[in-house]
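The chains referred to below are lettered A, B, ... by the order of the sequence lines, with proteins before strands, and numbering in each begins at 1.
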2 protein chains.
Amino acid sequence: MDLPDRALRPRAIAVADALRERMLDGALRDGEKLNETRLADALGVSRTPLRAALHALAAEGLLEYAPNRGFTVRDFSTELIDEAFEIRAALEGLACRFAARRGLDASSRASLETALAQGEAVVATGQCGPAELERYRTANVAFHETLLHAAQNRQLADTLRLVLNRPGASLRRIVAFTPDQIRQRVDDHRRILEAILSQDYGRAELLMRDHVSGIRTAR
Amino acid sequence: MDLPDRALRPRAIAVADALRERMLDGALRDGEKLNETRLADALGVSRTPLRAALHALAAEGLLEYAPNRGFTVRDFSTELIDEAFEIRAALEGLACRFAARRGLDASSRASLETALAQGEAVVATGQCGPAELERYRTANVAFHETLLHAAQNRQLADTLRLVLNRPGASLRRIVAFTPDQIRQRVDDHRRILEAILSQDYGRAELLMRDHVSGIRTAR
DNA sequence: TCAACCGAAATTGTACACAATCAGCTGATC
DNA sequence: GATCAGCTGATTGTGTACAATTTCGGTTGA
């Protein structure tokens, strides 16, 4: 359970990253109480940087903090994930609006088109195995990340990042299982890109919001 | 520059609150570099709880952190405040939707109607002096806070709270200066409440979003 | 049996000492 | 005069000791 020791980075930062990672991949379970001494030993650091990291993660909303009785992993049950998706939908919709209003620069446009093409290539296979899902996942992350970057709004990016860090609301999580569902998602992407390119920001926002809501509801 | 010493609360929490307060009321200026030793002395605590607080505030997005060179107050210039208001508008709109969809319980409804009535009382004076603005501010905070509470969505509440803590985007900041502007805001509130009561959540969201955007744009 | 109480052990909160790193100055070199 | 290495004081990062608080077992008394 050691840290990747990039010696430059302060331990507090490395520890926060490591814990975030473990929450996303489920190594730390919902509601789990974190014992500072044991956790510090396990991570190979003292309690000082660990505690700084814990306070930061609590501020991000990933941990609960109760004075004098420590930190616990926040519970992300099903309905909480639904909530997170609705917030994510609203914020990504907003990002889409900003990107459309501002207009895409050449490199963002190229990235989006590449991601879209990769998605369409997956659809063209008509398959939906692990390999296809992985390729779609990559394309999907690239599409959403690029759009967020194109919005050029750091506060929105920060806010959305917090929501995306919630277990279950991550961009990496793909909730599609059939070729048809993937086809529909890629179709969404294409229409979103078209709306952005024609600077129809109201429509761009609406489409993105619906797209993200759909990810969750179409189970 | 002492802390209010409620001895129960860990110093790290009290320090974070105190610093947040100072950023909101402008005692800490944009871009200011925070010297840990001096700040700790000024607050009457050691560097240990101070640093925990600083990490938390950085995670909230109020401070910038650069490894080995410390924390600085994040810059919230005019256009950043505009950005924050757009995010706030989207999130409060969402809260409004949730509240409408879920329906108001008796106490929320009573609080909202009280807040509305207080706003209308201010409008009835036809004045816009410091006393009126203060009364309107109180009513306004109560209205928005109650609505957020009624949305019953803690993740949304947390996310919105972060945005509201941004200097310039606070609920306490009233950007109205004429009786007519106040009249219009109170009118917004009434229509929002009506939409919620009739469970027209799409409209409730739209109205709230427009209302919050309007706060900022109508200068 | 049960609740309230007490103490010890475990756990969290804080201060402080020291290590690591950075910023600014000095002076040597070209 | 500009540049850069190296020194030095200042600042940040971390480990550790200890204080404060909570938790939990056992004991007492009704």
So what does [X] hit on the nucleic acid, given a heavy-atom distance under 4.0 Å: a base, only sugar-phosphate, or nothing?
X: A/Tyr65; result: sugar-phosphate
X: B/Ala12; result: sugar-phosphate
X: A/Leu34; result: sugar-phosphate

Do you see a donor-acceptor pair shorter than 3.5 Å between the side chains of A/Asp105 and A/Ser108? yes
Cut-off 3.5 Å, side chains only: do A/Arg166 and B/Gln155 have a donor facing an acceptor? yes
Among A/Glu32, A/Lys33, A/Glu36, which residue satisfies the side-chain contact (heavy atoms from CB on, under 4.5 Å) criterion with A/Phe71? A/Glu36
Using whole Å, what does the distance between atom [atom2] of nucleotide [N] and atom [atom1] of [X] come to?
X: B/Leu63; N: D/dT12; atom1: CG; atom2: P; value: 13 Å
X: B/Leu39; N: D/dT11; atom1: CG; atom2: C1'; value: 14 Å
X: A/Leu43; N: D/dG15; atom1: CG; atom2: P; value: 11 Å
X: B/Asp41; N: D/dT11; atom1: CG; atom2: P; value: 12 Å
X: B/Asn35; N: D/dG9; atom1: CG; atom2: P; value: 18 Å
X: B/Leu54; N: D/dT14; atom1: CG; atom2: P; value: 14 Å
X: A/Asn68; N: D/dA19; atom1: CG; atom2: P; value: 17 Å

Of the listed nucleotides ([options]), which one gets closest to any side-chain atom of [X]?
X: B/Arg69; options: C/dA23, D/dG13, C/dG13; value: C/dA23
X: B/Pro49; options: D/dG15, C/dT14, D/dT11; value: C/dT14
X: B/Arg11; options: D/dT11, C/dT14, D/dT21; value: C/dT14
X: A/Glu36; options: C/dG13, D/dT22, D/dG13; value: C/dG13
X: A/Arg51; options: C/dT11, C/dT14, D/dT12; value: C/dT14
X: B/Pro10; options: C/dG13, C/dT11, C/dA23; value: C/dG13
X: B/Ser46; options: C/dA15, D/dT12, C/dT12; value: C/dA15

CZ/A/Arg20: more than 12 non-hydrogen atoms of other groups inside 6.0 Å: yes
State whether the distance check finds a donor on one side and an acceptor on the other, under 3.5 Å, for side chain A/Arg47 versus base C/dG13. yes
Would the base of D/dT16 count as contacting A/Thr48 through its side chain, where contact means a donor and an acceptor less than 3.5 Å apart? yes
In plain terms, say whether A/Arg161 and A/Glu145 are close enough for a salt bridge, that is, a side-chain N and a carboxylate O under 4.0 Å apart. yes
Is any NZ, NE, NH1 or NH2 atom of the basic residue among A/Arg154 and B/Glu79 found under 4.0 Å from an Asp or Glu carboxylate oxygen of the other? no
Find which nucleotide of DNA chain C each of B/Ile13 and A/Arg38 is nearest to by heavy atoms, and output the residue with the more 5' nucleotide. A/Arg38
Between B/Lys33 and C/dA23, does any side-chain N or O lie under 4.0 Å from OP1 or OP2? no
